[in-house]
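Worksheet: the structure to be examined is printed underneath.
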Amino acid sequence: MTLFGSDPTPYIALLLVGVLPSEIWRWMALVVGRGLDETSEILVWVRAVATATLAAVVAKLAFFPGGALADLPTGWRIAAFVVGLTAYAVGRKSVLLGVLSAEAVIVGASLWLGIR
């Protein structure tokens, strides 16, 4: 048995269709973005769009979840949102701290309620 199993075709397709198109844009952004001023209007706009997109995804997950998250009561999902937002604000705008705090509430509530 090999690392990829008997057929490496799905892994090759994943690289060609999933990874390479994304990486090309990342490298282009790195090259083009070197000379940009962080306070320029275009970057402020891009940051605002990215923040709004993230807020929409979080709101969708909190109020209209799918999969296993739908089994968790709405109150717990809102509590996780509030805890994550508070941790983000208190932690000097650390997205990682906000996400980990909210995730801890979701996992803790799932374990406490016996949801798998």
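Keep in mind the model is a prediction, meaning the values are calculated, not measured. These values consider heavy atoms only, across backbone and side chains, with no hydrogens, waters or symmetry-generated copies.
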R47 and E38: which non-hydrogen atoms are nearest, and at how many Å?
-> NH2-O, 3.6 Å

Report the hydrophobic cluster partners of L100, with the cluster defined as I, L, V, M, F, W, Y residues connected by side-chain heavy atoms closer than 4.5 angstrom, directly or transitively.
-> L96

Partner residues of T51 under the side chain to side chain donor-acceptor pair (under 3.5 Å) criterion, sequence neighbours left out = none

Which atom of A70 lies closest to which atom of P65, heavy atoms considered | CA-CG, 3.7 Å

Residue pairs, two or more places apart or on separate chains, that pass ring pair (Phe, Tyr, Trp, His ring centres under 6.0 Å) and touch residues 55-75 | none

Under a single-linkage rule joining Ile, Leu, Val, Met, Phe, Trp and Tyr whose side-chain heavy atoms are separated by less than 4.5 Å, which residues share a cluster with V46?
-> L36, I42, L43, W45, V49

Measuring from L61:CG to I106:CD1, what's the distance to the nearest 0.5 Å?
-> 8.0 Å

Verify the cluster assignment for V107 and L85: are they in a single hydrophobic cluster under the rule of side-chain heavy atoms below 4.5 Å apart?
-> no

Residue list, side chain to side chain contact (heavy atoms under 4.5 Å, CB included) with V82, at least two apart or on another chain | I78, T86

Across all chains, not counting sequence neighbours, the side chain to side chain contact (heavy atoms under 4.5 Å, CB included) partners of L97 are A87, S94, S101

In short, side chain to side chain donor-acceptor pair (under 3.5 Å) pairs touching residues 55-75 with sequence neighbours left out are T74-R77

Looking at residues at least two apart in the chain, or sitting in another chain, which of them share a ring-ring contact (aromatic ring centres under 6.0 Å, His included) with W112?
-> W76

Output all residues satisfying side chain to side chain contact (heavy atoms under 4.5 Å, CB included) with R92, sequence neighbours left out; order by chain, then residue number.
-> none

Residues 21-35, side-chain donor-acceptor partners within the protein, below 3.5 Å, at least two apart:
residue : atom : partner : partner atom : Å
S22     : OG   : R26     : NE           : 3.4

Just jot down the salt bridge (charged side-chain N to carboxylate O under 4.0 Å, His left out) partners of E103, sequence neighbours excluded, or say none.
-> none

Under a side-chain separation threshold of 4.5 Å, the hydrophobic residues clustered together with V90 are none

Please answer: with hydrophobic residues joined when any side-chain heavy atoms are less than 4.5 Å apart, are V105 and L69 in the same cluster?
-> yes

